[in-house]
Number of protein chains: 2
Amino acid sequence: MGTVNAAAPRPMRSDAQRNYDRILEVASAAFAEKGVLTSLDDIACRAGVGPGTLYRHFPSRDCLIAAALGESLGRLDALAGRLKASDDPGAALDEWLLAVANHLRTYDNLPESIAEAFRTEDSPLRASCRPLTETTSLLVRRAKEAGAIRADVEPLDIFALVSSVAWASQRRGDSDAGLRRMLALATTGIR
Amino acid sequence: MGTVNAAAPRPMRSDAQRNYDRILEVASAAFAEKGVLTSLDDIACRAGVGPGTLYRHFPSRDCLIAAALGESLGRLDALAGRLKASDDPGAALDEWLLAVANHLRTYDNLPESIAEAFRTEDSPLRASCRPLTETTSLLVRRAKEAGAIRADVEPLDIFALVSSVAWASQRRGDSDAGLRRMLALATTGIR
DNA sequence: CAACGATACGGAGACAGTCTCCGTTTTGTC
DNA sequence: GACAAAACGGAGACTGTCTCCGTATCGTTG
């Protein structure tokens, strides 16, 4: 073909970009303050746009959540890079799981949304978790090879375990220390 | 005083009793089929009563859930009786925790509702869990005394752990075997 | 058994949230 | 500056929650 390739993503129009940014900014704040179940119309309103505009940019709540999670995800990614180079696979996995659990607590009710997203094939929120599950898989494999954890636990089980601990600690309003404790308790069994 | 005691709970009027029963019956079926988040107006409709009637009998969704849980709770209570008499505290606790986890999976989304109920002092749903947490405390104490589990874990932590496993296994659509596996994995740490 | 007060019913409708449709406005290009 | 494409925004359809109050039913009493 003549054109370079499939999606030539022509840049957003300036007003569109501006609105996109404003919505994202307001949404992040709202999610942080009231959890991911906040009214979307309300977010649109606070961002000074109509509901239609919000839904055009982010067709579903999950899209918006996924976008708002970008920053936290970036931090996780940086950590992942460091941990992949670690020479203590057991400790690396521990640190990673704690970081993932904390990520899941970024917003109230986030664990529920993510768990739900995992039930539908093409959820944007699930897609945003991709690097997260992949890193988990890698670190689990390394830990197994190093004999730091049992050979018969699957990465997905571990992810589920961490999610559920994040869920519980959020429901209980636990502190960071509380999360750490629960996570340690729940993950003892993988060793 | 002359009267027997405080609340002389005069019996329901016959039509009220009939409606109460019908609502409960329909609600149980609806919860079992579609989870505890089903539309209450819809339940009222199917029970052949107006929304007002439903809300008079069960002022909140939690009230209705608590009432619908009665049967499962009865079964748990019977099991509790047996386990309290067991001479193997470790095994008794294991069996109990599995039963509790299964109870929490009675309806879809029940773990969320219960976790939420635990955040408000006078929730009817929380009240309905009372015998459940008490039995857990007792069995945990016995298991500690027998040296079957660590002395530094609290009953509430264990309850939270079981809840979160029930939550996760429900979100994943796990089978009974799956639940059993996850529960074993998550509770290894208490030993 | 009639009549009356207490009890309970039920549905209209207020309210909140989601999401869409389409007439209008803004943008960027020629 | 004019035109087409892109984007806006808000009215409103729809769903679910929950209440209020005029009406119906029940059970008791004379």
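Residue numbering restarts at 1 for every chain, and letters A, B, ... go by the order of the sequence lines. Treat the numbers as computed from the prediction; the structure is a model and nothing was measured.
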Gap between atoms OH and C1', on B/Y55 and C/dG13 respectively (whole Å): 14 Å
Starting from the 5' end of DNA chain D, give me the residue, B/P51 or A/D41, whose nearest nucleotide shows up first. A/D41
Measure from CZ on B/R22 to P on C/dA8 and round the result to the nearest Å. 19 Å
Phosphate contact (C/dG10 OP1 or OP2) by B/T53 side-chain N/O below 4.0 Å: yes
Ion pair present between B/R46 and B/D41, side-chain N to carboxylate O less than 4.0 angstrom? no
Pairs: protein N or O with nucleotides 28-30 of chain C N or O, under 3.5 Å:
from, atom 1, to, atom 2, distance (Å)
C/dG28, OP1, A/S14, N, 3.2
C/dG28, OP1, A/S14, OG, 3.2

Thinking salt bridges, do A/D157 and B/R172 make one under a 4.0 Å N-O criterion? yes
Measure CZ/A/R56 against P/D/dA6 and give the value in whole Å, please. 13 Å
First of A/G50 and B/P59 reached from the 5' end of DNA chain D, by closest nucleotide: A/G50
So, is B/H57 near the phosphate of C/dC9, with a side-chain N or O under 4.0 Å from OP1 or OP2? yes
Kindly say whether A/R82 contributes a backbone atom to a donor-acceptor pair with the side chain of A/S86 at under 3.5 angstrom? no
Phosphate OP1/OP2 of C/dA16 contacted by A/S39 side-chain N/O (<4.0 Å): no
Parallel, tilted or perpendicular, judged at 30° and 60°: which one describes the rings of A/W167 and B/W167? parallel
Using whole Å, report how far CZ of A/R18 lies from C1' of D/dG9. 14 Å
State whether the side chain of B/R22 and the backbone N or O of B/A47 hold a donor-acceptor pair below 3.5 Å, judged by distance alone. yes
A/L54 CG to C/dC19 P, in whole Å, measures 10 Å
Could you give the side-chain donor-acceptor pairs of residues 148-155 of chain A under 3.5 Å, partners two or more places apart or in another chain?
from, atom 1, to, atom 2, distance (Å)
A/R150, NE, A/D152, OD1, 2.9
A/R150, NH1, A/G189, O, 3.2
A/R150, NH2, A/D152, OD1, 3.1
A/R150, NH2, A/D152, OD2, 2.9

Which part of the nucleic acid, if any, lies within contact of B/N19, taking any heavy atom under 4.0 Å across all strands shown: a base, the sugar-phosphate backbone alone, or nothing? sugar-phosphate
Spell out, as yes or no, whether a donor-acceptor pair under 3.5 Å connects the side chain of B/T135 to the backbone of B/L132. no
Between C/dC9 atom P and B/Y20 atom OH, what is the distance in whole Å? 13 Å
If I take atom CZ in residue B/R10 and atom P in nucleotide D/dT28, what distance separates them, rounded to the nearest angstrom? 11 Å
Within this structure, what is the CG-to-C1' distance between A/D42 and C/dT18, rounded to whole angstrom? 13 Å
Can you figure out which of C/dT20, C/dT18, C/dC9 approaches the side chain of A/L40 most closely? C/dT18
